[in-house]
2 protein chains.
Amino acid sequence: MSCQNFSMNNNSPTARNAAYYTEAAPILVAVDCIILGYDDDRLKLLSFKRKVEPFQNEWSVIGSFVNPSESVDDAAVRVLEEYTGLQNIFMEPLGCYGAVDRDPGARVISQAFFALIRLDEKEVQTVETHQAHWFDLSAVPKLILDHNQMVSDTLEKLYRKARYRPIGFELLPEKFSIPQLQNLYETIYGRTLDRRNFRKKILSMDILDKLDEKNKSSSRKGAFLYRFNQSRYQEMAEKGFDFEM
Amino acid sequence: MSCQNFSMNNNSPTARNAAYYTEAAPILVAVDCIILGYDDDRLKLLSFKRKVEPFQNEWSVIGSFVNPSESVDDAAVRVLEEYTGLQNIFMEPLGCYGAVDRDPGARVISQAFFALIRLDEKEVQTVETHQAHWFDLSAVPKLILDHNQMVSDTLEKLYRKARYRPIGFELLPEKFSIPQLQNLYETIYGRTLDRRNFRKKILSMDILDKLDEKNKSSSRKGAFLYRFNQSRYQEMAEKGFDFEM
DNA sequence: CCAAAAGTGTTATCGCTACACCCATGA
DNA sequence: TCATGGGTGTAGCGATAACACTTTTGG
């Protein structure tokens with residue numbers, strides 16, 4: 001994303017404005033980040049109590065204004081790290097929210113992103129220090145501004161995207177069982193899938209490595225654990241590959 | 001997109017800034033619009049000679065800054081109409097282009113849209129008055145800033161989207177023949193399709209109305225014309241419907 | 001020994017692919 | 001009459017969908 005091809009004395013927006021675009025009205029630009037996790041066989045949304053006015057102490061997704069010195073994408077990465085401490089997280093642009101009166105505090109447009117994270121024990125700490133809460137997606141409260149809209153747009157995108165990219169794995173621990181994976185897809189698709197067909201199909205894709213361990217947390221018999229084979233997936237993705245479940 | 005739930009004395013961003021968000025640095029927000037058309041069995045990009053510095057007279061897609069009084073989406077609609085005179089055009093958000101130095105004139109982020117239009121005789125006029133040109137997509141020149149990137153992102157989106165929504169019809173005249181439609185899909189997908197299978201599949205969807213007219217422009221025999229049945233499509237789309245060709 | 005989840009194969013159906021010949025027409 | 005593009009059907013194959021019983025083990 002760098003294109004430092006221009007020599008300039010001063011990079012600040014104000015200085016650059018002076019030369020060109022003098023008629024354009026500046027607008028505040030924010031990023032918001034919808035964070036989804038998966039735990040206890042449920043999709044969850046990470047929500048925070050907003051720290052500033054307006055709407056202080058109401059539920060909100062995380063966000064920040066974009067600094068002049070960072071790209072919009074970088075701002076999203078920064079925000080995600082500030083709030084969760086996590087880096088190298090799956091994150092994709094969701095869309096631009098630009099209604100005139102979406103924020104009564106100012107004319108602010110927001111570029112929204114959605115992130116998928118694995119719920120380990122680690123995050124819980126961060127969650128507590130930031131007055132955050134994981135809401136089950138079926139019980140998301142009223143959020144500020146258009147954030148509820150962002151959440152439902154995220155779900156639709158997830159639903160669609162899951163069909164052609166293996167994003168489910170972003171939500172699961174590194175080692176997971178087939179039933180866990182199936183459960184996740186059933187949640188995303190909102191319908192049940194046939195156990196035998198699911199297993200057959202996912203294994204035939206040849207992108208899972210079977211481990212010797214079993215996960216006994218959800219049954220007496222225990223289910224074998226698998227690991228997503230990223231590099232084998234990459235190979236296949238280049239040849240064209242669909243992931244329809 | 002309206003949410004006039006807040007009573008305020010003054011809607012200008014400056015006035016609102018005074019109350020909240022005083023620490024945030026304003027950034028210029030632009031919309032850019034990638035316009036595709038289809039003619040002569042080819043996908044074409046509408047390009048314009050830029051009117052202002054920097055990069056005056058270089059090829060560019062159309063764009064504008066977002067006014068404080070309009071939503072981002074409205075700005076895109078306005079721009080499209082200003083340059084082409086067209087209203088009620090298929091247009092969708094493409095993405096946010098927000099690199100720090102993407103525009104040497106100022107810190108500008110651009111929300112890009114892509115539009116699909118039918119090439120009738122009408123537009124040609126507009127094109128001439130605006131120093132515009134339809135480039136065959138295989139021969140798009142160097143455009144300013146990151147506009148070439150926007151174009152290739154549009155093509156990828158078109159390629160993907162064509163599989164699950166009937167956007168092809170946006171590019172064809174109201175009345176079209178099956179071979180015309182097939183040609184368009186071959187162009188979008190970049191591969192040839194079997195004539196019999198294509199016809200069978202598209203007709204089995206039951207979203208085309210056959211007319212009594214024939215289009216004789218491309219063959220002696222002439223090909224029957226069809227019309228896209230929007231309402232029947234809507235019905236089916238609600239029941240879930242894929243459009244894979 | 002039993003409850004609860006994991007694991008496994010086969011068959012019928014459907015949709016996709018591949019493929020070749022006649023038709024209508026204007027020049 | 002012939003060159004050009006339009007229009008049609010069928011058979012094989014592969015993928016999907018439907019379906020029920022056995023295995024393991026902790027309590």
Side-chain angles (χ1 to χ4, degrees), chain A residues 39-42 162-164 172-173 175-187 189-227 236 239-245, chain B residues 39-42 162-164 166 172-173 175-227 236 239-245:
Chain A
D39 192 24
D40 201 20
D41 291 349
R42 301 268 183 168
R163 284 155 202 275
Y164 65 91
L172 290 175
K175 302 171 181 182
F176 53 86
S177 67
I178 304 281
Q180 268 182 295
L181 183 63
Q182 177 173 350
N183 216 309
L184 170 58
Y185 274 91
E186 288 180 342
T187 306
Y189 290 161
R191 64 192 176 92
T192 58
L193 302 168
D194 181 89
R195 281 220 310 288
R196 281 164 290 194
N197 294 338
F198 182 85
R199 179 182 296 267
K200 209 185 316 171
K201 178 141 192 200
I202 196 80
L203 288 179
S204 75
M205 290 180 187
D206 198 33
I207 51 173
L208 298 187
D209 294 336
K210 187 173 185 175
L211 307 178
D212 278 335
E213 303 168 65
K214 279 192 165 187
N215 170 2
K216 297 212 167 186
S217 69
S218 69
S219 80
R220 310 235 148 94
K221 184 178 178 181
F224 277 105
L225 291 172
Y226 291 78
R227 201 198 312 261
M236 309 190 68
K239 296 180 198 150
F241 178 60
D242 95 351
F243 200 76
E244 183 79 38
M245 277 289 141
Chain B
D39 193 25
D40 201 20
D41 293 349
R42 302 268 182 168
R163 284 156 201 274
Y164 66 91
L172 290 175
K175 304 170 180 182
F176 53 84
S177 67
I178 305 280
Q180 268 182 293
L181 184 63
Q182 177 173 349
N183 216 308
L184 171 58
Y185 274 92
E186 288 181 341
T187 305
I188 293 174
Y189 290 162
R191 64 192 176 92
T192 58
L193 301 169
D194 182 89
R195 280 220 311 290
R196 281 164 290 196
N197 294 339
F198 181 84
R199 179 181 295 267
K200 210 185 316 171
K201 176 138 193 203
I202 195 82
L203 290 179
S204 74
M205 292 179 186
D206 197 33
I207 52 172
L208 297 187
D209 294 336
K210 186 174 187 174
L211 307 177
D212 278 336
E213 304 168 63
K214 279 191 165 186
N215 171 2
K216 297 211 167 186
S217 69
S218 68
S219 81
R220 309 233 148 96
K221 183 178 177 180
F224 276 105
L225 292 172
Y226 291 78
R227 200 197 314 260
M236 309 189 68
K239 295 180 197 149
F241 178 60
D242 95 350
F243 199 74
E244 184 79 39
M245 277 290 141

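Every chain is numbered from 1, with letters handed out A, B, ... down the list of sequences.
Look at CD1 on A:Ile202: it is 15 Å from C1' on D:dT16, rounded to the nearest Å. Atoms CG (A:Asp41) and C1' (C:dA5) sit 12 Å apart, rounded to a whole Å. Atom CZ of B:Phe198 is separated from atom C1' of D:dT8 by 16 Å (rounded to the nearest Å). In this entry the distance linking CZ of A:Phe224 with P of C:dG7 reads 7 Å, nearest Å. Counting to the nearest Å, the P atom of C:dT10 and the CG atom of A:Asn197 are 14 Å from each other. Rounding to whole angstrom units, CG of residue A:Asp194 and C1' of C:dT8 are separated by 11 Å. The nearest whole Å value for the distance from the CZ atom in A:Arg199 to the P atom in C:dG9 is 11 Å. Here C:dA6 presents its C1' atom at 17 Å from CG of A:Leu193, a figure rounded to the nearest Å.
Taking side-chain N and O atoms only, A:Lys201 has a distance below 4.0 Å to OP1 or OP2 of D:dT16.
Ranking C:dC19, C:dA6, D:dG7 by closeness to the B:Arg196 side chain, first place goes to C:dC19. Taking every side-chain heavy atom of A:Lys221 into account, C:dA5 is the closest of D:dG7, C:dA5, D:dA20. Proximity note for B:Lys200 (side chain, C-beta onward) versus D:dG5, C:dA6, D:dT10: the nearest is D:dT10. Listed candidates were D:dG6, D:dG7, C:dA5. Nearest to the side chain of A:Ser219 is C:dA5.
Nucleic acid contact for A:Lys216: sugar-phosphate only, since backbone atoms but no base atoms lie under 4.0 Å from a heavy atom of the residue. Within 4.0 Å (heavy atoms only), B:Ser218 reaches sugar-phosphate atoms of the nucleic acid but no base atom.
In this structure, the side chain of A:Asn215 engages the main chain of A:Ser217 through a donor-acceptor pair within 3.5 Å.
With respect to B:Arg191 and B:Glu186, no salt bridge is recorded, no charged nitrogen being found less than 4.0 Å from a carboxylate O.
The side-chain heavy atoms of B:Ile178 and B:Tyr226, taken from C-beta on, include a pair separated by under 4.5 Å. You'll find the side chain of A:Arg227 stays beyond 4.5 Å of the side chain of A:Leu208, heavy atoms only.
A cation-pi arrangement is found for A:Arg163 relative to A:Tyr189, the charged atom lying closer than 6.0 Å to the ring centre and inside a 45° cone about the ring normal.
In terms of position on DNA chain D, the residue among B:Tyr226 and B:Arg220 whose nearest nucleotide sits closer to the 5' end is B:Arg220.
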